[in-house]
Amino acid sequence: MTAAPQTLFEKIWNRHIVRPESSETPAVLYVDLHLVHEVTSPQAFTELRERGLRVRRPGQTVATMDHSTPTTPRGKDGIIPVLDAQAQAQLTQLEINCRDFGIPLFALGTENQGIVHVIGPEQGLTQPGMTIVCGDSHTSTHGAFGALAFGIGTSEVGHVLATQCLLQSRPKTMEVRINGSLKPGVGAKDIILAIIAQIGIGGGTGYVFEYTGSAIRSLSMEERMTICNMSIEGGARAGLIAPDQVTFDYIKNKPRAPKGAAWDIAVADWATLVTDAGAVYDATIELNADTLAPMITYGTNPGMGIPITGKIPTQKDMIDEQSKAGLEKALKYMDLAEGQSLIGKEVDVVFIGSCTNSRITDLRQAASLLVGRTVNPKVRVMVVPGSALVKKQAEAEGLDKIFLAAGAEWREAGCSMCIAMNGDQLKPGQYAVSTSNRNFEGRQGKGGRTFLASPLTAAATAITGAICDPRDIR
Amino acid sequence: MESFKPYTARYAVLPVENIDTDQIIPARFLKTTSKVGLGQNLFSDWRYNDDGTDNPSFTINKPEYQGVEVLVAGNNFGCGSSREHAPWALQGFGFKAVLSTYFADIFRNNSLKNGLLPIIISEETYQKLVASDAEAAGEVEISVDLASQTLTLPDGEKVHFPIEPFAKYCVINGVDQLGFLVSADDDLTTYESAHAPRVNTAGLL
């Protein structure tokens with residue numbers, strides 16, 4: 001008897017069942033890798049202390065400092081100064097927690113520190129077929145490697161610390177098929193913004209996405225991470241891409257990748273992590289990359305996106321009363337009008353960074369437009385690498401000099417203005433084109449207004465000072 | 001976690017869809033290492049003026065809504081960030097339940113872990129609750145009974161709501177899920193003896 005065809009999701013899920021789901025209880029699911037950061041973990045460690053519990057597998061856990069860390073330049077002493085006492089207390093607490101429970105920590109200012117979803121792949125910790133969790137919704141990023149990776153709350157952080165397991169009901173699966181090929185100036189960020197615009201930010205609720213199709217196959221690992229990263233913005237806790245040669249090549253020789261004979265065994269196994277012919281998804285949606293333009297958001301959630309050449313929708317385009325009210329509220333906050341074009345809209349800030357778009361290929365893309373040009377002097381342009389290693393690599397390639405010569409700021413690694421809890425923030429009323437993942441009200445600073453776009457669109461906008469189609473920069 | 005007791009409570013309506021967790025509690029309030037005191041930051045950017053005074057036009061600041069214990073909100077409540085500070089802030093303010101046509105997955109999970117009930121209601125029920133509130137703001141009540149999974153609407157109509165059996169058991173009995181996971185140790189040990197760790201983070205710094 002041959003086994004029934006399975007989706008990639010089912011294969012990973014089934015490998016991690018410690019105790020199966022029953023009519024009364026969810027499945028107990030094993031976690032291969034737990035990523036920890038300073039913001040969503042302190043209360044979980046408190047819980048462990050109160051119950052006298054230890055961390056079950058510190059060797060499958062790693063912590064970093066990213067959310068509340070400053071990205072300001074180092075002092076003469078080489079130290080990145082933390083001026084916010086509350087942030088400092090939180091960072092100190094993470095140090096104490098990692099020391100007390102034996103968890104490796106990438107502390108602020110150290111060579112491997114960076115955004116939690118940048119460091120996992122960078123160290124070779126993120127590998128196909130694994131389950132990966134973190135108290136952070138953008139954990140979906142790691143799905144680009146064919147790992148089942150999703151965000152959890154702080155209670156669940158405590159569960160994983162103590163037991164290396166989670167209680168989970170099995171989600172449904174949605175195939176997100178993207179065929180065709182991207183045209184110049186259009187990239188991974190535009191694909192995911194177009195998908196979310198199509199399904200809405202709640203469209204993937206209850207699902208795990210699997211991205212398939214020729215357009216996905218042609219993407220680099222870093223571009224795949226950009227897509228999986230924003231699965232949560234479509235409501236899906238996780239997004240998967242089946243591993244292939246691109247994946248294997250990326251992982252090979254990373255510090256914690258399998259080595260020698262173990263590498264060959266691992267790759268042979270990873271190659272089986274594909275959705276079998278005949279396996280059934282609970283839903284399927286499609287997008288064609290051939291006709292895709294650079295995308296930009298106009299509103300206050302990531303689903304409010306349009307082709308950069310398009311116009312903001314009108315009330316007549318809305319399907320129901322809640323959507324009409326939502327559009328009205330968003331445009332009031334953004335101080336924009338329905339039917340308006342965004343091209344030429346002046347902005348105050350351009351932010352290039354975040355777990356969505358702060359890796360070396362993102363920085364190379366931005367630099368490809370900024371080289372030999374200067375940014376509009378009215379615009380503050382921040383370039384924030386995703387990790388200290390990305391920063392080092394960019395500097396080895398001379399990208400820092402391109403950014404600085406263009407008039408942009410070159411910062412230390414961290415989440416920075418994506419979440420705006422470290423002092424990097426918009427002022428009330430300011431407009432920003434941002435390569436990050438969320439344009440919620442106040443996300444980048446109270447009263448700040450965010451247009452989400454790709455690194456190319458961000459760089460083009462930095463040059464002209466107003467929202468600009470990157471295909472128009474020649 | 002306290003065990004659940006059926007209750008009757010007044011409610012407030014936020015008729016906005018896609019209320020994300022950045023609205024429920026902005027990120028600048030996440031620099032705490034505690035769960036306590038977050039209620040004052042609930043809906044901070046909507047609730048307070050720039051000078052820190054109450055915004056009198058925001059629903060839960062209005063006199064008629066003082067002491068409400070149930071929140072009715074538009075669809076996809078709790079989308080965005082996984083911050084558990086969102087349910088902590090809602091509970092800290094005094095909410096026992098949030099009613100919406102659907103919730104974002106992570107928010108829903110986080111809420112149930114804390115005994116804050118995310119109750120899924122139909123569009124019809126949602127519209128009824130909005131209409132009742134419009135007629136008698138802050139005065140109308142609903143009853144919540146988890147054992148029978150029943151909401152009693154202001155007009156007396158009873159509607160059933162879904163909840164997973166395990167989450168229901170935990171909330172009714174005030175049992176937290178960590179205890180259950182710790183009790184699965186035999187199965188876990190068996191699993192780990194059959195599956196070598198996939199990675200080793202030891203020595204990374």
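In what follows, every heavy atom counts, from backbone to side chain, and hydrogens, waters and symmetry copies are set aside.
Ion pairing between B/D22 and A/R438 fails under the 4.0 Å rule for side-chain N and carboxylate O. The existence of a salt bridge linking B/D105 and A/R237 is excluded, since no basic side-chain nitrogen approaches an acidic carboxylate oxygen closer than 4.0 Å. A salt bridge does not link A/D84 to B/R28: none of the charged side-chain nitrogens sits closer than 4.0 Å to a carboxylate oxygen. In this structure, B/E17 does not pair ionically with A/K329, as no charged nitrogen and carboxylate oxygen lie closer than 4.0 Å.
No side-chain N or O of A/Q43 forms a donor-acceptor pair with one of B/W88 less than 3.5 Å apart. If you check the side chains of A/S155 and B/E84, you find a donor sitting under 3.5 Å from an acceptor.
The contact between A/T61 and chain B is made entirely by backbone atoms, counting heavy-atom distances below 4.5 Å. Heavy atoms closer than 4.5 Å to chain B are found in the side chain of A/Q93, but not in its backbone. The part of A/I17 that comes within reach of chain B is its backbone (N, CA, C, O), which places non-hydrogen atoms under 4.5 angstrom from that chain. Contact of A/I152 with chain B is made through the backbone alone, with heavy-atom distances under 4.5 Å. A/A162 touches chain B through its side chain: at least one heavy atom from C-beta onward sits under 4.5 Å away, while N, CA, C and O do not.
Shown here is B/Y48, whose OH atom has more than 12 heavy atoms of other residues, nucleotides or ligands within 6.0 Å.
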Requested in this report: Could you walk me through whether B/D45 and A/K446 pass side chain to side chain contact (heavy atoms under 4.5 Å, CB included), step by step?
Outcome: CA-CA 7 Å; B/D45 288 356; A/K446 189 178 179 185; 3.5 Å; yes
